[in-house]
Number of protein chains: 2
Amino acid sequence: MREAAAADNRPYHHGDLRRALIDAARRLLENEGPTALSLRAVAREAGVSPAAPYHHFKDKGELLDAVAHEGWDLLNELMTDARAKQTSVRDKLTALGVAYVKFARDNPALYRVMYDCSRDKENLPDHLHADNDSAYCQVRDTLVEAGASPMDETELELATTAAWCAAHGLAEMVAFKQFDHLKVTMGGEEAFLRGVFEHMGIFGHARTD
Amino acid sequence: MREAAAADNRPYHHGDLRRALIDAARRLLENEGPTALSLRAVAREAGVSPAAPYHHFKDKGELLDAVAHEGWDLLNELMTDARAKQTSVRDKLTALGVAYVKFARDNPALYRVMYDCSRDKENLPDHLHADNDSAYCQVRDTLVEAGASPMDETELELATTAAWCAAHGLAEMVAFKQFDHLKVTMGGEEAFLRGVFEHMGIFGHARTD
DNA sequence: AAGATGATCTTTACGGCGTCCAGATTCAGA
DNA sequence: TCTGAATCTGGACGCCGTAAAGATCATCTT
């Protein structure tokens, strides 16, 4: 009875404002774009005063951190699913890459927040390397699975980094530019993405040749 | 005598405010970071009123466009030099990639402005494809030079896109995260960059195998 | 040479932003 | 039931981007 929040008459305090604020932020991000994502607008969307969020987040950045975290969680799920649907290692790698890029294409503003949040910090968020089902770890583990040549730790990290960078570069381009002509010429987005990844020789090639 | 602007007594109007504003913006970007880059701060830095810039730029975005354009020019020069220093095609490609990433590392805020400016627009700036010495065209032409297999137009564009994305992804990571441990383990930044590019199989491999 | 014209710059103002602070409201535990 | 802590509101401050109106100055016309 505490979630869904009754909704007819405004409750005593709010119920779960923290949750409501994150949702409001994601809604604004989707519908109005990143420039519309002000702390005041989020409060407005959630139906509270402009200062209310400060009882749940230290500042605007901390709200965005929370939004970004949910973005990573969503991405991890999508990549887990994509990987699970494939049997061969090569297909797994391709599927991971394609899923990553498609996530960025479908959620460009969210994708940007995910990286902007860690921009000021010294590194990407910890959970990327800590959680077993994180996007990073999935790529790394699949590369281990591929393991044509027995990689040492450094080589593995290097390969994962390379794959990550390649996917990130393509994701940014696809999310914010159109390669419509190329997509059309190549017979659809899927073919285009696979084509680029093949040239990159890392998703779907995995240095097995 | 019109540049350097006399400097002792403030001139009648200003001399060349447009130039001064762009320089002030780049100075702020370097010294104070991207968050400090407000139109008012730029005007302050240039010693004029907050509304003065509006006689030279339609809005803040147009100033940033000008800053971004100079960023692309600088990048083009660096890549031209890097390419000219090499003889073999393979070395040229590697040098192009390394120069690109190092530019982003040395000018992270500027690099970001270059992409942010075109983020709202439908495509990357026109001069990237129009100017012969643009970064894009240099990569493309070097790939043509490599031309082991005779590429058709689509294949060439795909290969250039792949290389571009790969470099961009690595550039963003290097510009805003540290791979210090990897750099150290691999014996320096240069080796690290080459290592990643080799895994990407596009700069320095060029599908010649 | 004198005056008009238009470009450039300043002043002032408006609304929106992130954030802080003082008070009001409500919850939870003694 | 009383008290203290958590939550929310209203108002304020200084910043931002931008617009409009007035001042200043270069240049062009006559």
Side-chain angles (χ1 to χ4, degrees), chain A residues 1-3 5-25 28-29 31-68 109 113 116-117 119-120, chain B residues 1-3 5-25 28-29 31-68 109 113 116-117 119-120:
Chain A
M1 172 63 95
R2 68 139 59 87
E3 50 194 359
D8 43 47
N9 56 354
R10 296 306 171 91
Y12 26 88
H13 269 169
H14 185 279
D16 190 354
L17 183 54
R18 186 190 153 88
R19 184 66 262 146
L21 288 170
I22 297 177
D23 289 342
L28 279 175
L29 215 47
N31 303 336
E32 320 285 338
T35 60
L37 192 63
S38 69
L39 197 54
R40 294 178 103 105
V42 171
R44 227 176 288 135
E45 173 86 12
V48 294
S49 82
Y54 284 87
H55 293 270
H56 301 270
F57 303 97
K58 190 173 70 58
D59 55 11
K60 183 186 179 182
E62 220 174 60
L63 204 190
L64 292 188
D65 280 344
V67 172
V113 168
D116 280 345
C117 276
R119 183 106 33 212
D120 300 326
Chain B
M1 175 61 93
R2 66 137 61 85
E3 48 195 0
D8 44 46
N9 55 355
R10 296 307 171 88
Y12 24 90
H13 269 169
H14 187 280
D16 191 354
L17 183 54
R18 185 190 153 88
R19 183 67 263 144
L21 288 170
I22 297 178
D23 289 342
L28 280 174
L29 215 46
N31 302 336
E32 318 285 339
T35 59
L37 191 64
S38 68
L39 233 186
R40 292 178 105 105
V42 172
R44 226 176 288 134
E45 173 87 13
V48 294
S49 81
Y54 284 89
H55 293 272
H56 301 271
F57 302 98
K58 191 172 68 56
D59 56 12
K60 183 185 180 183
E62 220 174 59
L63 202 190
L64 293 188
D65 281 343
V67 172
V113 168
D116 280 346
C117 276
R119 183 107 33 215
D120 300 327

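Below, all heavy atoms of this structure are taken into account, side chains as well, without hydrogens, waters or symmetry copies. Proteins get letters first, then strands, A, B, ... in listed order; numbering begins at 1 in each.
Atom-to-atom, NZ of A:Lys58 to C1' of C:dG18 comes out at 12 Å; the value is rounded to the nearest Å. Distance, B:Glu62 CD to D:dT18 P: 11 Å, rounded to whole Å. Atom NE2 of A:His56 and atom C1' of D:dT9 are 13 Å apart (whole Å). Rounded to an integer number of Å, the gap from A:Leu21 CG to D:dT7 C1' is 12 Å. Following rounding to the nearest Å, A:Leu37 (CG) and C:dG18 (C1') show an atom-to-atom distance of 13 Å. In this entry the distance linking NE2 of A:His55 with C1' of C:dC20 reads 11 Å, nearest Å. Between A:Phe57 atom CZ and C:dT19 atom P there is a gap of 13 Å when expressed in whole angstrom units. In this structure, CG of A:Asp59 is placed 8 Å from P of C:dC20, rounded to the nearest angstrom.
Going from atom CG of B:Asp16 over to atom CG of B:Asp23 covers 9.0 Å, rounded to the nearest 0.5 Å.
With sequence neighbours excluded, the residues forming a side chain to side chain contact (heavy atoms under 4.5 Å, CB included) with A:Arg40 are A:Ser38, A:Arg44, A:Pro50, listed by chain and number.
Residues A:Pro53 and A:Leu39 are in side-chain contact: their nearest non-hydrogen atoms beyond the backbone lie under 4.5 Å apart.
A:Leu21 and A:Val42 make their closest contact through O-CG1, 3.5 Å (heavy atoms, listed as atom of the first residue, atom of the second, distance).
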request  = Quick one: do B:Asp116 and B:Leu64 satisfy side-chain contact (heavy atoms from CB on, under 4.5 Å)? Show the steps, please.
outcome  = CA-CA 9 Å; B:Asp116 280 346; B:Leu64 293 188; over 6 Å; no

note = Expected string for nucleotides 11-16 of chain D under the B/S/- scheme (protein heavy atoms, under 4.0 Å, primed atoms plus P, OP1, OP2 as sugar-phosphate) is -B---B

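Counting only residues at least two apart or in different chains, side-chain hydrogen bond (donor to acceptor under 3.5 Å, both in side chains) contacts with residues 50-66 of chain A comprise A:Asp65-A:Lys121.
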